[in-house]
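Everything below concerns the one structure shown next.
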Amino acid sequence: MYIIDEVHMLSSSAFNALLKTLEEPPPHLLFVFATTEAHKVLPTILSRCQRFDFRRMDVDLIVKQISHIAEKEKIKIDEDSLISIARKADGSMRDAQSIFDQVVAFCGSDIKYEDLSNALHLIDQEFFFRISQAIREHNVSEMFSITTEVINRGYDLQECMTGLLEHFRNI
């Protein structure tokens, strides 16, 4: 079995060489292609494959697994921190574990949400309530003030917008 991760990154000549093997594969050989961008894989390759689309993991499942890892590693971590890691991982267990490792490196073996928030440069939920209140009150000067604060604090604008959308969905 050969597993090729990020198969969409192969060059055209690599795809063409692979195509020869896929046209007449040995009976004992199995290829597994993994990609998040199937549209970049040549149609001649796709036509010779079975496709399985996987969904993102639920936040609860990621929280449970990271909690299990923390327990095994004797790391104390609060529930808010676990949920924040799971949300930031956006459905990827691999990303959640990488984020968790990063947090442990910055915060040590006793992780509290405030420390995690500083380590990952997370936007606090209270911030989104300020934005929604300014919008509700049509307070344009406050909106500009908040925008300046976002930029000055160095927050990722895309992450800010994604968080704001999630905030409005939750409301």
Any [X] side-chain heavy atom under 4.5 Å of [Y] side chain:
X: Arg87; Y: Glu166; result: yes
X: Glu142; Y: Arg130; result: yes
X: Met161; Y: Leu157; result: no
X: Ile171; Y: His167; result: yes
X: Ile66; Y: Ile62; result: yes
X: Leu82; Y: Phe100; result: no
X: Leu120; Y: Phe106; result: no

To the nearest 0.5 angstrom, please state how far the [atom1] atom of [X] sits from the [atom2] atom of [Y].
X: Leu164; Y: Ile123; atom1: CG; atom2: CD1; answer: 9.0 Å
X: Asn16; Y: Lys20; atom1: CG; atom2: NZ; answer: 8.0 Å
X: Ile75; Y: Asp110; atom1: CD1; atom2: CG; answer: 10.5 Å
X: Gln102; Y: Ile99; atom1: CD; atom2: CD1; answer: 7.5 Å
X: Leu122; Y: Tyr113; atom1: CG; atom2: OH; answer: 5.5 Å
X: Leu165; Y: Phe128; atom1: CG; atom2: CZ; answer: 9.5 Å

Is [Y] reachable from [X] through a run of I, L, V, M, F, W or Y residues, each pair having side-chain heavy atoms under 4.5 Å apart?
X: Val7; Y: Met9; value: no
X: Phe52; Y: Met93; value: no
X: Leu10; Y: Leu19; value: yes
X: Val140; Y: Ile131; value: no

**Request:** Applying side chain to side chain contact (heavy atoms under 4.5 Å, CB included), name anything that partners Arg136, two or more places apart in sequence or on another chain.
**Result:**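 Testing Arg136 for side chain to side chain contact (heavy atoms under 4.5 Å, CB included), a comparison that skips the adjacent residues, returns Gln133.
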**Prompt:** With Glu23, which residues qualify under salt bridge (charged side-chain N to carboxylate O under 4.0 Å, His left out), at least two apart?
**Reply:** Arg48
Below 3.5 Å, can you tabulate the donor-acceptor pairs from side chains in residues 29-37 to any protein atom, sequence neighbours excluded?
{"unit_1": "Thr35", "atom_1": "OG1", "unit_2": "His8", "atom_2": "ND1", "d": "2.6"}
{"unit_1": "Thr35", "atom_1": "OG1", "unit_2": "Glu37", "atom_2": "N", "d": "2.9"}
{"unit_1": "Glu37", "atom_1": "OE1", "unit_2": "Lys40", "atom_2": "NZ", "d": "2.8"}

Between [Y] and [X], is the closest basic N to carboxylate O distance under 4.0 Å?
X: Arg55; Y: Asp53; value: no
X: Glu149; Y: Arg153; value: yes
X: Lys88; Y: Asp90; value: no

**Message:** For Gly108 versus Ile111, what's the shortest heavy-atom pair and its separation?
**Reply:**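 That closest heavy-atom pairing would be O-CG1, 3.7 Å.
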Just by distance, do the side chain of [X] and the backbone of [Y] share a donor-acceptor pair under 3.5 Å?
X: Ser92; Y: Ala89; result: no
X: Ser145; Y: Ser141; result: no
X: Asp58; Y: Leu61; result: no
X: Thr162; Y: Gln158; result: yes

**Request:** Take atom CZ of Phe144 as the centre, draw a 6.0 Å sphere, and report whether it contains more than 12 heavy atoms from other residues, nucleotides or ligands.
**Result:** no
**Asked** For atom CD of Glu159, is the number of surrounding heavy atoms from other residues, nucleotides or ligands below 6.0 Å larger than 12?
**Response** yes
**Message:** Under the criterion side chain to side chain contact (heavy atoms under 4.5 Å, CB included), I'd like the reasoning laid out for Ser84 against Leu116: C-alpha separation, chi angles, the key distance, then a yes or no.
**Reply:** CA-CA 9 Å; Ser84 294; Leu116 172 126; 3.7 Å; yes
**Sequence-distant partners of Glu79, side-chain hydrogen bond (donor to acceptor under 3.5 Å, both in side chains), two or more places apart** =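 Once residues adjacent in sequence are excluded, Glu79 has no partner under the side-chain hydrogen bond (donor to acceptor under 3.5 Å, both in side chains) criterion.
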**Prompt:** For Gln97, what residues pass the side-chain hydrogen bond (donor to acceptor under 3.5 Å, both in side chains) criterion, not counting sequence neighbours?
**Reply:**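 Gln97 satisfies side-chain hydrogen bond (donor to acceptor under 3.5 Å, both in side chains) with no other residue.
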**Item:** Listed partners of Tyr155 passing ring pair (Phe, Tyr, Trp, His ring centres under 6.0 Å), at least two apart
**Value:**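 Residues passing ring pair (Phe, Tyr, Trp, His ring centres under 6.0 Å) with Tyr155: His121, Phe127.
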**Message:** Assess the residue pair Asp78 and Ser81 against the criterion (side chain to side chain donor-acceptor pair (under 3.5 Å)); give the C-alpha distance rounded to whole Å, side-chain angles, the decisive distance to 0.1 Å, and a yes or no.
**Reply:** CA-CA 5 Å; Asp78 61 18; Ser81 297; 2.5 Å; yes
**Item:** Full working for side chain to side chain contact (heavy atoms under 4.5 Å, CB included) between Ile77 and Ile85
**Value:** CA-CA 11 Å; Ile77 183 168; Ile85 290 170; 3.9 Å; yes
**Prompt:** Run the side chain to side chain donor-acceptor pair (under 3.5 Å) check on Asp115 and Ser117 step by step: do they pass?
**Reply:** CA-CA 5 Å; Asp115 298 330; Ser117 180; over 6 Å; no
**Message:** Evaluate Phe168 against Ile135 for side chain to side chain contact (heavy atoms under 4.5 Å, CB included), listing each step before the verdict.
**Reply:** CA-CA 11 Å; Phe168 285 138; Ile135 291 170; 3.9 Å; yes
